[in-house]
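Residue numbers start from 1 in every chain, and the chains themselves are labelled A, B, ... in the order their sequence lines are given, proteins ahead of strands. On a predicted model such as this, the values are computed, not experimentally measured, just so you know.
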Number of protein chains: 2
Amino acid sequence: MMISTKGRYALRIMVDLAQHKEEGFISLKIISERQEISLKYLEAIIGILNRANFVKSMRGKSGGYKLQRESKEYNIGSILRLTEGGLVPVNCSNCTPEHSCARGDECLSYPLWENLDRLVNDYLDSVSLEDIVEGRLVDKDIVIKFVDR
Amino acid sequence: MMISTKGRYALRIMVDLAQHKEEGFISLKIISERQEISLKYLEAIIGILNRANFVKSMRGKSGGYKLQRESKEYNIGSILRLTEGGLVPVNCSNCTPEHSCARGDECLSYPLWENLDRLVNDYLDSVSLEDIVEGRLVDKDIVIKFVDR
DNA sequence: CTTATTCCTACTATACCACAAGGTTAGTAG
DNA sequence: CTACTAACCTTGTGGTATAGTAGGAATAAG
């Protein structure tokens with residue numbers, strides 16, 4: 001279980017774009033040099049971001065990319081779900097909250113995966129691109145609380 | 001980013017063993033039939049559990065496996081870390097809390113990965129095998145709280 | 001001694017990751 | 001108008017991980 005470079009690079013692209021949002025369209029070449037990531041790989045990744053309208057593109061000379069919205073309008077969860085294709089899925093297709101599968105044991109652990117999934121997504125959705133750029137994560141501790149239903 | 005079958009099957013083995021702990025040593029054949037998982041794959045997975053002394057084994061006829069400790073003594077995090085080989089590592093080797101890497105942008109997102117890692121591990125460590133078997137997860141809601149340092 | 005089981009090594013097929021290569025299209029500076 | 005630049009598209013590739021399979025050797029019970 002880990003987060004691949006795809007998602008991390010996507011985040012770094014977005015952070016870079018957010019940091020230099022005053023400079024208009026920024027070419028991948030610049031980002032690639034600044035972030036020390038292969039240009040060709042970046043092309044593939046920003047393609048995903050672009051098709052989802054997370055970034056705006058401009059072709060031709062002095063073209064490049066810029067953020068479509070304000071950096072506080074992006075939450076990290078959506079960026080990661082887009083590029084990684086979902087977070088922490090346990091991929092137990094025959095096992096849903098409604099239709100529980102034949103094996104009682106598998107379904108015993110189902111709530112665990114569901115909780116984990118919610119936890120990760122909730123956290124990642126609570127952090128905005130702006131939070132990252134402003135470095136707001138460092139001065140807060142994060143605790144889990146359990147509440148009776 | 002996802003949890004592979006290895007970790008999930010390992011958990012299902014442990015749950016199965018916990019549910020039938022009164023029955024002495026339980027053979028993989030039985031578990032394989034009950035859980036509908038290939039015997040051969042199960043052998044590989046329980047080998048990991050066995051070498052880490054999570055389970056006790058008995059060879060020969062009427063041999064099998066049983067839990068080494070009480071089910072409340074196991075937390076899910078340790079089972080998953082063992083079989084999955086670590087949870088949510090971002091694998092940025094050049095980027096640690098002490099030695100921060102050359103790229104300021106990468107390190108901007110580092111606190112995010114660190115928080116995520118802590119969050120996942122804290123949650124998984126807070127759940128015991130007994131909690132799963134007893135179905136204690138369903139009647140609790142889980143919330144994230146942010147506390148100023 | 002037979003049978004049932006763990007235990008060990010090796011093999012395989014598929015998929016995904018992390019790129020690289022090469023060319024095409026579109027927009028802009030001069 | 002032309003040259004250049006940069007996005008965009010398709011395809012390929014080496015490596016690693018996943019999810020198993022196969023076959024056999026060691027061991028203990030009956």
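- Judged by the 6.0 Å and 45° rule, Arg69(B) forms a cation-pi pair with Phe54(B).
- Sorted pairs that involve residues 46-64 of chain B and meet salt bridge (charged side-chain N to carboxylate O under 4.0 Å, His left out), not counting sequence neighbours, are lacking altogether.
- A salt bridge is defined here as a Lys NZ or Arg NE, NH1 or NH2 lying under 4.0 Å from an Asp or Glu carboxylate O, and Asp139(B) with Arg149(A) fails to meet this definition.
- Between Asp131(A) and Lys140(A) there is no salt bridge, since no side-chain nitrogen of the basic residue lies less than 4.0 Å from a carboxylate oxygen of the acidic one.
- The side chain of Ser38(A) contributes no N or O atom lying less than 4.0 Å from OP1 or OP2 of dC19(C).
- Using a 4.0 Å cut-off, some side-chain N or O of Ser4(A) falls inside it from OP1 or OP2 of dA18(C).
- A salt bridge links Asp125(A) with Arg81(A); the closest basic N to acidic carboxylate O contact falls under 4.0 Å.
- Remark: Tyr9(B) is not in phosphate contact with dA19(D), judged by side-chain N or O atoms under 4.0 Å from OP1 or OP2.
- Distance, Glu43(A) CD to dT10(D) P: 13 Å, rounded to whole Å.
- The interatomic distance linking Ile45(B) (CD1) with dC7(C) (P) rounds to 15 Å, in whole Å.
- One atom, CG of Leu39(A), and another, P of dA7(D), lie 7 Å apart when rounded to the nearest Å.
- A heavy-atom distance below 4.0 Å to DNA chain D is reached by these residues of residues 54-67 of chain B, ordered by number: Met58(B), Arg59(B), Gly60(B), Lys61(B), Ser62(B).
- If you take CZ of Phe25(A) and C1' of dA26(C), they are 14 Å apart, rounded to a whole angstrom.
- The distance from atom OH of Tyr41(A) to atom P of dT10(D) is 19 Å, rounded to the nearest whole Å.
- For Glu33(B) and Lys29(B), the salt-bridge test passes: some basic side-chain N is under 4.0 Å from an acidic carboxylate O.
- In the model, Thr5(A) has a side-chain atom that pairs as donor or acceptor with a side-chain atom of Tyr41(A) under 3.5 Å.
- One atom, CD1 of Ile26(A), and another, C1' of dT5(D), lie 17 Å apart when rounded to the nearest Å.
- For Glu36(B) and dG20(D), the CD to P distance is 13 Å, given to the nearest whole Å.
- Contact of Lys40(B) with dG23(D) (side chain to base): a donor-acceptor pair of N or O atoms is detected under 3.5 Å.
- Nucleic acid contact class of Leu28(A) (heavy atoms, under 4.0 Å, all strands): sugar-phosphate only.
- Using a 4.0 Å cut-off, some side-chain N or O of Asn50(A) falls inside it from OP1 or OP2 of dC8(D).
- Per the geometry, CD1 belonging to Ile46(B) stands 8 Å off P belonging to dC7(C), to the nearest Å.
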